[in-house]
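Below is one structure, written out as structure tokens; comments come after it.
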There are 2 protein chains.
Amino acid sequence: MARPLSPKLSPVIIAEAALAMVDAQGEFTLPALAKRLRVSPSSLYNHISGKADIIELMRGQAVAAVDVAGASEGEPHWAAAIRDIAVQYRNSYSRHPRLIPLLTAYSVRDETTIGMYNVLAERFAEAGFGPRRILEAITVLDNYVLGSALDVAAPEEVWDPGAKASASLRAALDAGLGREHRADEAFLFGLDLIMAGLERAAA
Amino acid sequence: MARPLSPKLSPVIIAEAALAMVDAQGEFTLPALAKRLRVSPSSLYNHISGKADIIELMRGQAVAAVDVAGASEGEPHWAAAIRDIAVQYRNSYSRHPRLIPLLTAYSVRDETTIGMYNVLAERFAEAGFGPRRILEAITVLDNYVLGSALDVAAPEEVWDPGAKASASLRAALDAGLGREHRADEAFLFGLDLIMAGLERAAA
DNA sequence: ACCTGAACACCGTTCAAGT
DNA sequence: ACCTGAACACCGTTCAAGT
């Protein structure tokens with residue numbers, strides 16, 4: 001064996017395989033990942049610096065589909081452009097809900113994400129917000145999107161309080177739980193509350 | 001050794017020690033926890049069922065200080081009561097920011113948290129929301145609070161895009177970053193956007 | 001009932017050796 | 001440059017043995 005003619009591995013190949021494992025099982029180990037790639041665990045270290053590195057690669061993979069440019073140029077209204085980015089951002093993560101808990105422990109260096117912050121900042125500036133308010137607005141959106149993405153990842157039992165539910169909570173749970181798009185509808189509801197508030201703040 | 005006259009351990013003792021470790025180091029292992037408690041690792045299993053159990057105990061510990069009753073009874077206006085709960089809830093978590101990434105992988109069975117959901121549901125019903133809207137509103141608040149708590153936990157470098165920052169983003173970062181209460185102010189800004197939106201939705 | 005020590009299967013990472 | 005196999009220190013959990 002040793003050194004094959006064409007490499008069996010690459011950062012992208014590793015990230016894709018790891019993401020598939022996380023999607024399926026909610027976690028991954030280096031031995032299992034190596035086995036899936038028909039490779040020895042130590043081989044991975046020729047392409048990545050450790051497990052944390054793989055997690056960062058998965059973040060990039062998940063978010064790569066976000067089209068910041070489209071929202072930035074095509075859309076004339078700043079609020080509509082920002083809303084569009086938030087929706088795309090959240091949808092990227094909800095395609096890999098079980099990845100999110102792994103991401104929360106690490107910081108963001110992903111280019112797509114930073115590109116998104118850039119567009120958001122420019123759009124908020126265009127709306128007339130000052131620097132400090134811009135940082136607050138981006139923070140609010142980021143927090144909300146990440147929290148909402150976590151909601152998709154959370155098991156359904158999060159919302160099963162057993163016998164301790166009040167009548168109002170019980171009715172609410174019965175009305176919404178198990179609905180396929182429950183998390184999506186709640187996300188959009190809240191996003192529109194936030195966007196409406198930001199538009200009023202701008203005026 | 002063996003069986004001391006009075007037990008050296010209890011779930012609360014274990015949870016407190018584990019929380020102290022997480023606060024200090026961002027993680028904990030059973031061997032290290034056992035060492036801190038001057039006990040053998042296997043002894044822990046007389047009081048807890050595993051590592052996941054300890055994490056759930058820490059969640060309860062962190063959130064125990066939330067006073068749902070006060071907000072529920074004392075406050076006449078539903079929106080003010082709900083806002084107060086959200087603030088308390090978020091503040092509990094931000095006292096232990098490094099705990100949050102550990103929590104996100106597990107579901108909630110904590111009594112305080114469920115009690116909080118109950119009060120929220122009742123208050124929203126009082127405001128005239130229907131069951132489905134109630135579930136959405138609680139979801140929105142929960143997502144936002146958790147996302148905001150994560151923001152406290154995140155290292156400051158999350159917001160360091162290096163040379164890739166646009167002028168608007170750069171200015172925003174300079175204006176806000178490093179400010180002691182940056183995360184708190186952003187949280188309150190967004191919370192008030194959401195609450196204002198909910199009040200308009202109720203009317 | 002509660003603690004111990006030995007044991008198990010596993011993990012992430014390093015490194016000399018091979019081509 | 002890239003893969004292997006052996007090795008290391010460590011982890012979470014189980015369980016028979018002790019009192």
Side-chain angles (χ1 to χ4, degrees), chain A residues 1-59 61 98-99 101-107 109, chain B residues 1-59 61 98-99 101-107 109:
Chain A
M1 279 296 153
R3 174 122 146 88
L5 300 95
S6 72
K8 308 163 86 170
L9 298 178
S10 77
V12 171
I13 290 174
I14 292 172
E16 281 173 350
L19 199 46
M21 290 188 64
V22 169
D23 286 344
Q25 299 151 43
E27 57 184 3
F28 78 104
T29 67
L30 299 199
L33 177 59
K35 190 172 187 181
R36 174 185 251 266
L37 292 166
R38 299 175 190 289
V39 133
S40 144
S42 53
S43 300
L44 298 168
Y45 285 81
N46 287 298
H47 305 269
I48 51 93
S49 67
K51 191 171 187 179
D53 194 20
I54 297 181
I55 290 175
E56 208 45 37
L57 287 171
M58 286 193 282
R59 187 204 301 271
Q61 195 80 8
R98 310 179 80 174
L99 170 64
L102 305 188
L103 297 181
T104 54
Y106 299 90
S107 58
R109 272 174 210 296
Chain B
M1 280 294 156
R3 175 124 145 87
L5 301 95
S6 72
K8 307 162 86 170
L9 297 178
S10 76
V12 171
I13 290 173
I14 292 173
E16 280 174 349
L19 199 46
M21 289 187 66
V22 169
D23 286 343
Q25 299 151 43
E27 56 184 4
F28 78 104
T29 66
L30 299 199
L33 178 58
K35 189 171 188 181
R36 175 185 251 264
L37 292 165
R38 298 174 192 290
V39 132
S40 147
S42 52
S43 300
L44 298 168
Y45 286 82
N46 288 299
H47 305 270
I48 50 94
S49 66
K51 193 172 186 180
D53 194 19
I54 297 180
I55 290 175
E56 208 45 37
L57 287 171
M58 286 193 282
R59 186 204 301 272
Q61 195 81 6
R98 309 179 81 173
L99 170 64
L102 306 188
L103 297 181
T104 54
Y106 300 90
S107 59
R109 273 175 209 298

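Everything quoted here is computed from the prediction, not taken from an experiment. Protein chains get the first letters and strands the later ones, always in sequence-line order, with residue 1 at the start of each.
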Distance in angstrom units between [X] [atom1] and [N] [atom2], rounded:
{"X": "B/I54", "N": "D/dT13", "atom1": "CD1", "atom2": "C1'", "answer": "12 Å"}
{"X": "A/L33", "N": "C/dC11", "atom1": "CG", "atom2": "P", "answer": "12 Å"}
{"X": "B/I13", "N": "C/dC2", "atom1": "CD1", "atom2": "P", "answer": "11 Å"}
{"X": "B/K51", "N": "D/dT14", "atom1": "NZ", "atom2": "C1'", "answer": "17 Å"}
{"X": "B/R38", "N": "C/dG5", "atom1": "CZ", "atom2": "C1'", "answer": "19 Å"}
{"X": "A/E27", "N": "C/dG12", "atom1": "CD", "atom2": "C1'", "answer": "14 Å"}
{"X": "B/L30", "N": "C/dG5", "atom1": "CG", "atom2": "C1'", "answer": "16 Å"}
{"X": "A/I48", "N": "C/dG12", "atom1": "CD1", "atom2": "P", "answer": "10 Å"}

Could you pull out the closest heavy-atom pair between A/P41 and A/P31, with the gap in Å?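 Between these two residues, the closest heavy atoms are CG-CA, 4.1 Å.
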Mind listing the closest non-hydrogen atom pair of B/S10 and B/H47 along with its distance?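 Looks like CA-ND1, 3.9 Å.
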For the CG atom of B/L37 and the CG atom of B/L9, what is their distance to the nearest 0.5 Å?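 Reported to 0.5 Å precision, the distance equals 6.0 Å.
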Quick one: CG on B/L99 to CG on B/D23, what's the gap to the nearest 0.5 Å?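 Output value for this atom pair is 7.5 Å.
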So among A/I54, A/V22, A/V39, which one has a side chain to side chain contact (heavy atoms under 4.5 Å, CB included) with A/L33?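 It is A/I54; the other options fail the test.
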Output the single nucleotide from [options] whose closest atom is nearest the side chain of [X].
{"X": "B/Y45", "options": "D/dT13, C/dT13, D/dC2", "answer": "D/dT13"}
{"X": "A/P4", "options": "D/dT13, D/dC2, D/dT4", "answer": "D/dC2"}
{"X": "B/S42", "options": "C/dA6, C/dC3, D/dG12", "answer": "C/dA6"}
{"X": "B/N46", "options": "C/dC2, C/dG5, D/dT4", "answer": "C/dC2"}
{"X": "B/P31", "options": "D/dC3, D/dC11, C/dG12", "answer": "D/dC11"}

Using purine N1 to pyrimidine N3 plus N6-O4 or O6-N4 for Watson-Crick, or N1-O2 and O6-N3 for G-U wobble, both under 3.5 Å, which nucleotide pairs with D/dC2?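 Because both required distances fall under 3.5 Å, D/dC2 counts as paired with C/dG18.
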For D/dT13, which nucleotide is its Watson-Crick or G-U wobble mate, given both distances must be under 3.5 Å?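 In the structure as shown, D/dT13 has C/dA7 as its Watson-Crick or wobble partner.
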Looking only at side-chain N and O atoms, does B/K8 come under 4.0 Å of OP1 or OP2 in C/dA1?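 B/K8 to C/dA1 OP1/OP2: no side-chain N or O under 4.0 Å.
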Distance check: side-chain N/O of B/H47 vs OP1/OP2 of C/dA1, anything under 4.0 Å?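 Checking C/dA1 against B/H47, no side-chain N or O comes under 4.0 Å of OP1 or OP2.
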Want to settle it: does A/S43 or A/T29 sit nearer the 5' end of DNA chain C, counting the closest nucleotide to each?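 It is A/T29 whose nearest nucleotide is closer to the 5' end.
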